[in-house]
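Beneath this line is the structure, given in structure tokens, with notes to follow.
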Amino acid sequence: MAADVLDEVFERVISSRIFRNRDILSPDYIPEKLPHRENEIRRVGSVLAQVLRGSRPNNLFIYGLTGTGKTAVTLYVLKRLVEKARQLGVRVSYVYVNTRQRDTPYKVLADIASGVGLRVPFTGLSTAEVYARLVRALSRDTGFLIIVLDEVDWLVRRRGDDILYKLTRIGYELPRDAVKVSIVGITNDVRFVEMLDARVRSSLGEEEVVFPPYNAEQLRDILWDRAREAFQPGAVDDAVISYCAALAAREHGDARRALDLLRVAGEVAERENAPRVTVEHVKKAWSQLERDRVREVVRTLPLHARLVLAAALLATRLQPATTTGELYTIYRRLARSMGLEAVTQRRVSDIVSELDMLGILNARVVSRGRYGKTRMISVAADPATLEEVLREDRRLAALLEAKAV
DNA sequence: CATCCACAGGAAGGACGGGGGT
DNA sequence: ACCCCCGTCCTTCCTGTGGATG
């Protein structure tokens, strides 16, 4: 009997009425065509193509909001460039590091090192030692190396621009006939340059390309482009695509979100054994994506951060926004009732900032004149989802049960 | 118009656990 | 075995500040 159930599942997956090739909608997929990014491809390409003439490309800075195709365009250009270079007998390689996931100087250097075939332990060495080894390895290398630092604003915000400075100067440490290194910095934050040391700024900003967000119409083109290959004929219609595009356009034209949305909508439809994807499926997908995101974030939060979150949740039951001081009072009460030593208000302030950056809380600084300067803190994520995730911890569930704040 | 609130947020550093090189 | 380094949380101490109030 169990076999019959499984057979049914297998059959459904194999002969999907929805998907033809789901991978085409995956976030890692680099498509052959990038609609509405022709100008950007041309600009990035003409900077990096200098290697084909045997000269080091200028360092390049790419700005644009999330999901505007910065990463896709960069990787697309590099992939094509490496192919072309090989035909011409030019040695070109590149290393891609997402500094949001690899958010310390050590990890970034270690990734670059392993990208050029150097084995580096993931901890234990000093950063200076990894740098020295990297320099040694590069000294023996020839050709061109392009280092892509994606979401580099995260790294700089948290760790400063020291490694950026070092990396932009790595060429001076190498023999003249060794590899020529170029840096491509990608950032979501336009004001990011202001955080940089003037020397880094001028070095990294030798060339700049700005990626404008997509509008709903462009998003539709992008979605259709992928949907045609990813879905079975007739499995999606224009209403579904337009709806995805509209939702994503509202989120500053984020194509990644749009594609995620479409993929998950397809998955929902498949699970329901529906003949095709509907707008309802997209709506479900939207909330599922949000839940996944919140769950993922909350799960990795340290205990006191979760307590702060619980405190914020309790506070919003009474009022839309809470000051830092009020939040701290509630938090302290929660901590004490759990028999925990409360962390300082300074620490809670940092936790709030982190939660704000993660999009779980909203915190904006306001001045209330005589009544001081503080932050008004509110819950940004869906409260019900948040509560559900927090309740996975039994002790927190008990705290959230309490009516009185 | 100066004052002064209630914090913001920078700087320095420490405890601790996970992991080196030699 | 020894000492070293890093990242994560956290503390302590600190200077800075927008604008209602007196």
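Every chain is numbered from 1, with letters handed out A, B, ... down the list of sequences. Since we're looking at a predicted model, the values are computed, not measured.
The shortest distance between the side-chain N/O atoms of A/Thr323 and the OP1/OP2 oxygens of B/dC7 is below 4.0 Å. The phosphate of C/dT12 has neither OP1 nor OP2 within less than 4.0 Å of any side-chain N or O from A/Arg347. Within the 4.0 Å cut-off from OP1 or OP2 of C/dC10, not a single side-chain nitrogen or oxygen of A/Thr344 is found. For the pair A/Ser349 and B/dG9, the criterion of a side-chain N or O lying under 4.0 Å from OP1 or OP2 is not met.
A cation-pi arrangement is found for A/Arg37 relative to A/Tyr214, the charged atom lying closer than 6.0 Å to the ring centre and inside a 45° cone about the ring normal.
Considering CD1 of A/Ile170 and CD1 of A/Ile183, their distance stands at 7.5 Å, rounded to 0.5 Å. A/Asp356 CG to A/Ile377 CD1: the interatomic distance, rounded to the nearest 0.5 Å, is 9.0 Å.
Spacing between atom CD of A/Glu354 and atom C1' of C/dT8 amounts to 10 Å, rounded to whole angstrom units. Straight-line distance from the CG atom of A/Asp350 to the P atom of C/dC10: 10 Å, rounded to whole Å. A/Ile351 places its CD1 atom 14 Å from the P atom of C/dT8, with the value rounded to the nearest Å. Between the C1' atom of C/dT12 and the CD atom of A/Gln345 lies a distance of 14 Å, rounded to the nearest Å. Straight-line distance from the CD atom of A/Gln101 to the P atom of C/dG7: 17 Å, rounded to whole Å. If you measure from atom CG of A/Leu327 to atom C1' of B/dA6, you get 15 Å, rounded to the nearest angstrom. Atom CZ of A/Arg119 and atom P of B/dG19 are 16 Å apart (whole Å). Between the CZ atom of A/Arg346 and the P atom of B/dG13 there is a distance of 16 Å, given to the nearest Å.
Within a 6.0 Å sphere centred on CZ of A/Arg56, heavy atoms belonging to other residues, nucleotides or ligands number more than 12. Heavy-atom neighbours of A/Arg295 CZ from other residues, nucleotides or ligands within 6.0 Å: above the threshold of 12. Other residues, nucleotides and ligands contribute over 12 non-hydrogen atoms within 6.0 Å of the CD atom of A/Glu392.
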- Protein-to-nucleotide contact annotation, 5' to 3' order, nucleotides 14-22 of chain C [B base; S sugar-phosphate only; - none; under 4.0 Å, heavy atom]: ---BBBBS-
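Contacts between residues 296-310 of chain A and DNA chain B, defined by a heavy-atom separation below 4.0 Å, involve no residue at all.
Counting only heavy atoms from C-beta on, A/Leu125 has its side chain closest to B/dG21 among B/dA8, B/dG21, C/dG7.
With A/Ser26 contributing its side chain and A/Arg22 its backbone, the two residues share no donor-acceptor pair below 3.5 Å.
Ring-plane geometry between A/Phe231 and A/Phe19 is classed as parallel, the angle between the planes falling under 30 degrees on a 0 to 90 degree scale with a further cut at 60.
A/Lys79 has no carboxylate O lying under 4.0 Å from a charged side-chain N of A/Glu83, or vice versa, which leaves the two without a salt bridge.
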